[in-house]
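Chain letters run A, B, ... following the sequence lines, proteins first and then strands; every chain starts at 1. Side chains included, hydrogens not; waters and symmetry mates left out as well; all remaining heavy atoms used.
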Protein chains: 2
Amino acid sequence: MYQRKIPIDYNCGLSVAMEVMGSKWKFCLLDEIAKGTQRPRDLVKAINGITKRVLQKQLGELEVHGMVGKTIYKETPVRVEYYLTASGKSLLPLIAALDKWGLDFAPRLESILATEMQAL
Amino acid sequence: MYQRKIPIDYNCGLSVAMEVMGSKWKFCLLDEIAKGTQRPRDLVKAINGITKRVLQKQLGELEVHGMVGKTIYKETPVRVEYYLTASGKSLLPLIAALDKWGLDFAPRLESILATEMQAL
DNA sequence: CGGTATCCTTTTTGATACTG
DNA sequence: CAGTATCAAAAAGGATACCG
């Protein structure tokens, strides 16, 4: 049975948003699918550092939460294509904003981390 | 020394954003500090489910990344107040958007999870 | 190829106690 | 009160093998 230590607070948007998107790969994943990468094997190649197992798990969660859907082509070997649902697409502006923020902040972060490493 | 399995890609905004904000409490934390909750003990009370230890760790990371700063008042017992830096404040619109998205999506998530539980 | 299961390692977390 | 350390428990992650 579905269990959570801390129940979701449906009156708190951040609580809901974190339930759905609170894993570090999910923004990347939706972004990549939106860009047209639809097949699992291509997603593994496209997203630096993700493994098959983790990808599979997060795609499954995104599917349960209604952010993505998939089409199965019964060829051999089988082909599967993921796509964004309407809910998933509604996150795209947010993802774009996050991406933009990250790009703006990148130089500062780089210098911060350089200093950190120097200190050690 | 500072170690990462997957180096940050400074050309990818999402990579940078996830490095800084990719823990599920950080959005909540910045939001709560922005609302005026500044002291660690109050943050623990205000944020449902967070523990002192985790709070401390994430505040430390946010501080290293330049999202928050703190003022130490040398009273007894000591009093510490966290505040948002300019960088931290620059995330507020994003947090607000995320919060709004979550509120909009809440009813749908609630019904999805209800169905999930029924199925088991 | 997509998906699942297994085994094992690494991280994260919770509870607790201690210091200034 | 804020912050750190310790230890045990839980969760997440990598590698691999197998099935349809």
Item to check | Atom-to-atom span, CD1 of Ile50(B) to C1' of dT12(C) - whole angstrom | outcome: 13 Å

Checklist entry - Quick one: Leu59(B) CG to dT4(D) P, roughly how many Å, whole number? => result 11 Å

Checklist entry - Does Tyr82(B) put a side-chain nitrogen or oxygen below 4.0 Å from OP1 or OP2 of dC1(D)? => result no

Checklist entry - Ile6(B) has an atom CD1; how far is it from atom P of dG14(D), in whole Å? => result 7 Å

Checklist entry - Do Lys52(A) side-chain and dG3(C) base share a donor-acceptor contact under 3.5 Å? => result yes

Checklist entry - dT6(C) base to Arg53(A) side chain: any donor-acceptor pair below 3.5 Å? => result yes

Checklist entry - With respect to the side chain of Pro77(A), which nucleotide from dC1(D), dT4(C), dC1(C) is positioned closest? => result dC1(C)

Next on the checklist: Can you tell whether the side chains of Glu19(B) and Lys24(A) come within less than 4.0 Å, N to carboxylate O?
Outcome noted: no

Checklist entry - Would one find a side-chain N or O of Arg79(B) under 4.0 angstrom from OP1 or OP2 of dA2(D)? => result no

Checklist entry - Just wondering, more than 12 heavy atoms not from Asp104(A) lying within 6.0 Å of its CG? => result yes

Item to check | Interatomic distance, Leu55(A) CG vs dT4(C) P [rounded to whole Å] | outcome: 12 Å

Checklist entry - Tell me: CD of Gln58(B) to P of dT4(D), nearest whole Å? => result 14 Å

Checklist entry - For the pair made of CG in Asp42(A) and P in dG2(C), what is the distance, rounded to whole Å? => result 7 Å

Checklist entry - Just by modelled atom types, is the Gly88(A) backbone N or O under 3.5 Å from a matching donor or acceptor in the Thr85(A) side chain? => result yes

Item to check | Nucleotide nearest Lys70(B) (side chain, heavy atoms from C-beta), chosen from dC7(D), dG3(D), dG2(C) | outcome: dG3(D)

Next on the checklist: Any side-chain N or O of Thr51(B) below 4.0 angstrom from OP1/OP2 of dG14(C)?
Outcome noted: yes

Checklist entry - Just wondering, do Met18(B) and Ile8(B) contact through their side chains at under 4.5 Å, heavy atoms? => result no

Checklist entry - Between atom NZ in Lys26(B) and atom C1' in dT12(C), what is the gap in whole Å? => result 13 Å

Checklist outcome for this item: The nucleotide from dC1(D), dG3(D), dG2(C) with an atom nearest the side chain of Gln56(A) is dG2(C)

Checklist entry - Tyr73(A) near the nucleic acid: base, sugar-phosphate alone, or nothing, with a heavy-atom cut-off under 4.0 Å? => result nothing

Item to check | Contact under 4.0 Å: Arg39(B) side-chain N or O vs dC1(D) OP1/OP2 | outcome: no

Checklist entry - What nucleic acid atoms does Val80(A) come within less than 4.0 Å of, heavy atoms only: base, sugar-phosphate, or nothing? => result sugar-phosphate

Checklist entry - Touch check for Val78(B), heavy atoms < 4.0 angstrom, all strands: base, sugar-phosphate only, or nothing? => result base

Next on the checklist: I'd like to know if Arg79(A) pairs up with Glu81(A) as an ion pair, taking the criterion as any Lys NZ or Arg NE/NH1/NH2 lying under 4.0 Å from an Asp or Glu carboxylate oxygen.
Outcome noted: yes

Checklist entry - Rounded to whole angstroms, how far apart are CG on Leu43(B) and P on dC1(D)? => result 14 Å

